[in-house]
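I have placed the structure first, in the form of structure tokens, so that the comments after it can refer back to it.
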Amino acid sequence: MLLKMTGHSYRFECENLCRVFFPYSPVRVAEGTEPGPGEPWAEAAMEEGGAGWAYAVRASDGERELSRTFTAPERDEYHMTRLLFDALSELTGIRPAWGMLTGVHPVKLLRQHVERLGPGAGTEDFREKWLVSEARTELAGRVLRAQRQAVEELRPDDYSLYVGIPFCPTRCAYCSFISQDMAHAKKAVEPYLELLDLELERAAKIVGELGLRLISVYIGGGTPTTLSAEQLSKLCGRIRATFPMEHCREFTVEAGRPDTLTMEKLLALKGAGVGRISINPQTMSDRVLENIGRRHTAQDVVEGFGLAHRAGFTDINADLIVGLPGDSPEGFEETLEQVLGLSPTNITVHSLAIKRSAELVTDEGALSLHKRPEAAARMMDHAIVRLTKAGFEPYYLYRQTRMAGNLENTGWSRPGSACRYNIYTMDESGTVIACGAGGVTKLKDPYSQDLKRVFNFKYPFEYISRHREILERKDGIKEIYEQFRQRLY
Ligand code: SF4
């Protein structure tokens, strides 16, 4: 799709909106070019005139063309993007469930509306301003209410610790993370863990000097249970020995791939005080698992849950994905029933990101489900109804660009088993100190909406070779926190 802009620089939002309506046509932003034959295009222009600001959009789906104009006394990004949204929606007949929202954190935005105007008027303002559907407004409102206690209980000096283990036994075909498969990265594991220890020590020293309070630990990846029982035990032990744990309310490890689980590893985790784990089926169809290159079966998931229960784990999350190639709404319903039968306390329902599926499958038959966004929407709607009926509440929600059906990822939990780390990191309501490759430290100013990010290198090999820079960046945390505190006085 060709996007032309005149008189403004609202490229990011305009481009994202074009993607919502034409997800299979890469957006190129260019002036002085003409669209190719049959290529969709849009022109978004604004200029100052006698009556204020004139906004104009012309757009075409490659066949039909329409134009819209609007005038307002002020120059405003909202007016420009709203006009573009209206034009593209009329042109394509698509009414996106999340309306004009293309950002990652709709619940955070709803919270800001509610804080400004109160629950009723704030929610209505959110829905009307951003053209969010009734159903998605209600979902976001339920998430906001479910998070309230965890957010209200946060103290200014609280933080969560994230530790990244960027290794997996093999690489799934749809994966867009930085994880390395063991065939290529086996030799890097021990050096990585040694440097991770150093980073943990540095982080502990800094948070100690700042007087911060650890309330939650999350070891994610990748697949942390790719490590041996001994390595897992050592890593968890290092965290316990390095950070004061007396206020820590949860300790989670992503066991992810069921093919990595053994009783020895689970007992090592249990013995190290891990209370929550995640075992991720994605789907319970062996055929779909094969389509997405996940080298395990549905039976492995059943056995993984059995092992985890026997090891004493009662708090277990299961990740699922809607919109997988070769899946169907009926297949997804069957998956959900089977997973509910395994008694998880959390179920996280993701929408497949289109970029991944596009790399994943070239054959039209397998991709066809993904190209029917209504099928992914049916799966997601079913999950909302079925999980609600089963006693789960949605408690965190985030979006990515290019998601199947332009939907969302939602974490559901049984009462009392919401993972606080997920709330604080996804909703950006609390500080997260991240260690390991791919880790993004998010420093939330407890006295304002300000959030500062400190990035680690993404790949394990970079993490190892440029570790000194990682430690230097960690040192920057102290200065940022001190700036937060100075603003108070
Ligand atoms: S288990 Fe997860 S992180 Fe690992 S390769 Fe598969 S999708 Fe990627």
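Just so you know, ligand 1 is whichever comes first in the structure, and atom 1 is the first atom listed for that ligand. Worth saying up front: this structure is predicted, and the values here are computed from it rather than measured.
- When the salt bridge (charged side-chain N to carboxylate O under 4.0 Å, His left out) test is applied to E134, the partners found at least two apart in sequence or on another chain are R127.
- By the 4.0 Å N-to-carboxylate-O rule, D259 lies too far from K265 to be salt-bridged with it.
- Near T170, the atoms of ligand 1 lying under 4.0 angstrom from a non-hydrogen atom of the residue are 5 (S).
- The nearest heavy-atom contact from the protein to atom 2 (Fe) of ligand 1 is R294 NH1, 4.3 Å.
- Here Y481 contributes atom OH and I433 contributes atom CD1; the two are 6.5 Å apart, rounded to the nearest 0.5 Å.
- A cation-pi geometry, defined here as NZ or CZ lying under 6.0 Å from the six-membered ring centre and within 45° of its normal, does not hold between R249 and Y421.
- A salt bridge links K205 and E209; the closest N-O separation between the charged side-chain nitrogens and carboxylate oxygens is under 4.0 Å.
- The set of protein atoms (N, O or S) found at less than 2.8 Å from atom 4 (Fe) of ligand 1 reads C168 SG, by chain and number.
- Of the charged side-chain nitrogens involved, none lies within less than 4.0 Å of a carboxylate oxygen, so that R414 and E393 do not count as a salt-bridged pair.
- For atom 7 (S) of ligand 1, the closest heavy atom belonging to the protein is Y174 OH, 3.5 Å.
- R111 has a carboxylate O that lies under 4.0 Å from a charged side-chain N of D427, or vice versa, which qualifies the two as a salt bridge.
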